[in-house]
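Take a look at the structure set out below.
Only heavy atoms go into these numbers, but all of them, side chains included; no hydrogens, no water, no symmetry mates.
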Amino acid sequence: MTTVPSSTMHDRPHGSGASTRSVSPSPTVRDDTSPRLPPSHTTAAPDLSFPYQTTDYLRTGLTNEYREVDPAGVVPLSGALYRAPTKNAGQVDVEKARILKDVQLVVWKVDDQEDPRNWSKAYRWYLTMVVALSVVACAFGSAIVTGDFGDIEREFGVSEVVVALSVSLMVVGFGIGPLAWSPLSELYGRRILLAGSFWVYVIFNIPCAVAKNIGTLLVCRFFSGIFASAPLTLAGGVISDVWDNNERGFAIALFAAAPYGGPVLGPLVGGFIGERIGWRWLFWVNMIFAGVCAVLVTFMPETYAPVLLKKRAARMREEQGRDNIVTEQELFPRPFSEVLIETLVRPFQMLVTEPILLLMSLYISIIYGLLYAFFFSFPVVFGEGYHFNDGIVGVTFCSVLIGLALALLVTPRLEKFYSKKVEEGGGKADPEARLPGMMLGAFFVPISLFIFGWTAPPYVMPGGANWVGPCISGIPFGFGMVVIYFAANAYLIDAFPAYVASALAAKVVVRSGMGAAMPLFMTQMFHGLGNGWAASLLAFLALAICPIPFLFYKYGKSIRARSKRAAS
């Protein structure tokens, strides 16, 4: 085995998790002691392309391997000599330094054309739009069935609650699927899982369309949700792969809007389909939409840096006859038992022990649940109150889309505000700098619900353009929904940099549970309480959680200081 010159390690604290070194593995000695990072990257934010769930980084520490660049394409492994970026980070492990002194990590070369971040901007935007469209398609599928509940009820002779399960079970699948897709993508990459799961989702629409009984429909909708959850889970990862953390603001805003915009399009399209050609065509149209996205995803290249660099490391070992060229994921793989704990146990453990994660997940889940509540309350107000047909009821959801579009204009400004805080903090900002977006959007949601309930019949009787009141309530709701989700998601990522995967998994499970529950009682609640008080009950719930971002903005730092897992 041929070895490269070993590096000299610096025995100094290193809280950021970035590697330090005094010499390059190439013959040329560099004067700097810091990793070379492109201008698009900052260590102030977690690297979302790091394989957190399948790498034993809590024992070995974090490196900048998947973002660092070097002319030689390899660097000495020294970042793994420090503990992960929690409050206890700092001391170098001298024994580990002796054992790992000859190990070389594969990194990207300068202007490396295999690095997805160096692909043309136009192509990266194309990939962004493809994965955003895939998220819209999967979320669209969850709600399109609401366009014609009546015909399904009559054909199978079941109640509306039973048919509502076709929505709830798919949303339950959205919560379960990511527990598997996330760690699998770290081992096998984004592309194969995106394409494979998408085609299975396409196929599961067929038994839904030809179902002879309600059981077949419900079971297939559940499995549709599990496989459709892969794009919902991995699309954000693709965006993080092709856009570095200093340049992905608007791209992430699109991703934040897609899971909410898709369900809004469902009843808009489904209402006309069900009215004109029957409920079975809801699934045929959904299959066609999903099939188009599946084709686009199939022809995407792999974008996940750990998988790409792992292949390069294997190629370099074979070409150079050296077995000390590796990736951190290969060198420190996490045992399967620990992967199970990371994916199935730790998210729920953190929900119990981390008030930040619990309350933020609760906030996001309530907002997500209210979106699905609209799918069942709009037909009550506009279908029963104003006697609109299913197609026109679907059109009323356009107001939510308008609010969503307005939110996309605001989110880049929120990102600029955060960037300014990073600059003022000398390259780092507290996670609480992400919260102004939530503070801005917090009151829009309850306001929208009060408008919706008290401008609807019987308080404002049908006639003329009286439908405008409840219809425009969707604008503040759509705006607040996206702005809140964008800010809350970013806050969780920054607050738990060493536990990103577990924190996001916990959020998805809680969010999906709330989204699945709302359809089961919303129609009955509006019938029982009346439009005004049913909407007000939801508004008071949204109002009760409004103080959460304000409290965390003021006390979040002290709460994180007492946490074992949050960034200090």
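Although no hydrogens or angles enter the test, the distance criterion places a donor-acceptor pair under 3.5 Å between the side chain of Glu302 and the main chain of Arg190. In terms of modelled atom types and a separation under 3.5 Å, the side chain of Asp70 and the main chain of Ala72 share a donor-acceptor contact. For Arg334 (side chain) and Val339 (main-chain N/O), no donor-acceptor pair under 3.5 Å exists by modelled atom type. Looking only at distances, a side-chain donor or acceptor of Arg124 sits under 3.5 Å from a matching main-chain atom of Trp119. Not a single donor-acceptor pair under 3.5 Å links the side chain of Ser361 to the backbone N or O of Leu358. Side chain of Glu68 to main chain of Tyr66: no donor-acceptor pair is present (N/O by atom type, distance under 3.5 Å, no hydrogens or angles). Between the side chain of Ser563 and the backbone N or O of Arg560, no donor-acceptor pair lies under 3.5 Å.
If you take CD1 on Ile447 and CD1 on Ile475, they are separated by 13.5 Å, rounding to the nearest 0.5 Å. Note that CG of Leu193 and CG of Leu234 are 6.0 Å apart. Values are rounded to the nearest 0.5 Å. The distance from atom CG of Leu406 to atom CZ of Phe444, rounded to the nearest 0.5 Å, is 9.5 Å. With rounding to the nearest 0.5 Å, the separation of CE in Met350 from CG in Leu357 is 5.0 Å. Between Ser182 atom OG and Leu504 atom CG the span is 8.0 Å, to the nearest 0.5 Å. Between the OG1 atom in Thr128 and the CG atom in Leu133 there is a gap of 12.5 Å [rounded to 0.5 Å].
Taking 4.5 Å as the limit, every side-chain heavy atom of Asp112 sits out of range of all side-chain heavy atoms of Val69. Side-chain contact check for Arg191 versus Val307: every heavy-atom pair is 4.5 Å or farther apart. Side-chain contact between Ser49 and Asp241 is present, with heavy atoms from C-beta onward closer than 4.5 Å. Taking 4.5 Å as the limit, every side-chain heavy atom of Glu114 sits out of range of all side-chain heavy atoms of Lys311. Looking at heavy atoms from C-beta onward, Pro301 lies in side-chain contact with Tyr123 at the 4.5 angstrom threshold. Residues Trp108 and Arg117 have side chains in contact (heavy-atom distance under 4.5 Å, counting atoms from C-beta outward). Using a 4.5 Å heavy-atom cutoff, the side chains of Ser377 and Phe452 are in contact.
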Distance-only donor-acceptor hits, side chain of residues 367-375, under 3.5 Å, sequence neighbours excluded:
| from | atom 1 | to | atom 2 | distance (Å) |
| --- | --- | --- | --- | --- |
| Tyr368 | OH | Tyr372 | OH | 3.4 |
| Tyr372 | OH | Ser142 | OG | 2.8 |

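Ring centroids of Tyr485 and Tyr363 are separated by 6.0 Å or more, keeping the two rings apart.
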| request: List the steps, then state whether side-chain contact (heavy atoms from CB on, under 4.5 Å) holds for Phe479 with Val410. | output: CA-CA 9 Å; Phe479 175 83; Val410 172; 3.5 Å; yes
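Listed by chain and number, the residues in a side-chain hydrogen bond (donor to acceptor under 3.5 Å, both in side chains) with Thr54 are Glu186, Gln329 (sequence neighbours excluded). The side-chain hydrogen bond (donor to acceptor under 3.5 Å, both in side chains) test applied to Asn118 returns no partner, not counting sequence neighbours. Residues passing the salt bridge (charged side-chain N to carboxylate O under 4.0 Å, His left out) test with Glu330 are Arg317, sequence neighbours excluded. Residues forming a side-chain hydrogen bond (donor to acceptor under 3.5 Å, both in side chains) with Lys421 (at least two apart in sequence, or on another chain): none.
Annotation for Met438 and Ile484: closest pair CG-O, 3.7 Å, computed over non-hydrogen atoms. The two residues Ala143 and Pro263 make their nearest non-hydrogen contact at CB-O, 3.3 Å. Taking both residues in full, the closest heavy atoms of Ser197 and Pro231 are given as OG-CD, 4.1 Å, listed atom of the first, atom of the second, then distance. Closest heavy-atom contact between Pro51 and Pro306: CD-CG, 3.7 Å. The two residues Gln53 and Pro183 have their closest heavy-atom pair at OE1-N, 3.3 Å. Nearest heavy-atom pair, Leu179 versus Thr343, reported as atom, atom and distance to 0.1 Å: CD2-O, 3.3 Å.
Other residues, nucleotides and ligands contribute at most 12 non-hydrogen atoms within 6.0 Å of the OH atom of Tyr188. No more than 12 heavy-atom neighbours from other residues, nucleotides or ligands sit within 6.0 angstrom of OH on Tyr555. Heavy-atom contacts from other residues, nucleotides or ligands closer than 6.0 Å to CD of Glu423 number 12 or fewer. Counting non-hydrogen atoms of neighbouring residues, nucleotides and ligands closer than 6.0 angstrom, the CD1 atom of Ile192 reaches no more than 12 such neighbours.
Judged by distance alone, the side chains of Glu432 and Tyr491 do bring a donor and an acceptor atom under 3.5 Å apart.
Exactly one of Tyr553, Tyr418, Phe417, Phe552 qualifies for a side chain to side chain contact (heavy atoms under 4.5 Å, CB included) with Arg434. That residue is Tyr418.
For residues 170-181, the pairs satisfying side-chain hydrogen bond (donor to acceptor under 3.5 Å, both in side chains) are Trp181-Ser229, with sequence neighbours left out.
Electrostatic pairing of Glu328 and Lys310 does not count as a salt bridge here, judged by no charged N lying under 4.0 Å from a carboxylate O.
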